[in-house]
Amino acid sequence: MRIRVRLFATLQQYLPPGSNGSETSVELPDGATPVDALDALSVPAALAHIVFVNGRHVLRGDLAVRRLAEGETLSVFPAIGGG
């Protein structure tokens, strides 16, 4: 199955060459999880602090069990700081 992955801020360094801005597509086996998608892009799961699938927040504890489906969009943000 193919999904879209959007990486933001410092996570964009993990996008492969030829990505479209902050977005790329990833081919994964059926039943893959957000953790599998991050692994496919070599993004350390510990850096994924805020994760959405199709605009809906996925809790950290669910990242390894939430199954992705064809055409879904995974959006991943690092820790956000400011002052």
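The closest side-chain heavy-atom distance from I50 to F8 is not below 4.5 Å. V51 places none of its side-chain heavy atoms less than 4.5 Å from the side chain of H57.
Put simply, the side chain of D39 never gets that close to the backbone of D36: no donor and acceptor are under 3.5 Å apart. Checked by atom type and distance alone, the side chain of E27 pairs as donor or acceptor with a backbone atom of M1 at under 3.5 Å.
Here the CG-CD1 distance, from L28 to I3, works out to 5.0 Å after rounding to the nearest 0.5 Å.
For the side chain to side chain contact (heavy atoms under 4.5 Å, CB included) with R6, the lone residue among V76, T73, N20, L15 that qualifies is T73. When each of V53, L74, V58 is checked for a side chain to side chain contact (heavy atoms under 4.5 Å, CB included) with L63, only V58 meets the rule. A salt bridge (charged side-chain N to carboxylate O under 4.0 Å, His left out) with E72 is found for one member of R4, R66, R2 and no other, namely R66.
For A45 against L38, the heavy-atom pair with the smallest separation is CA-CD1, 4.3 Å. Here the closest heavy-atom approach between residue L41 and residue P16 is recorded as CD2-CD, 3.9 Å.
Taking the six-membered ring for Trp and thresholds of 30 and 60 degrees, F77 and F52 have ring planes more than 60 degrees apart, a perpendicular arrangement.
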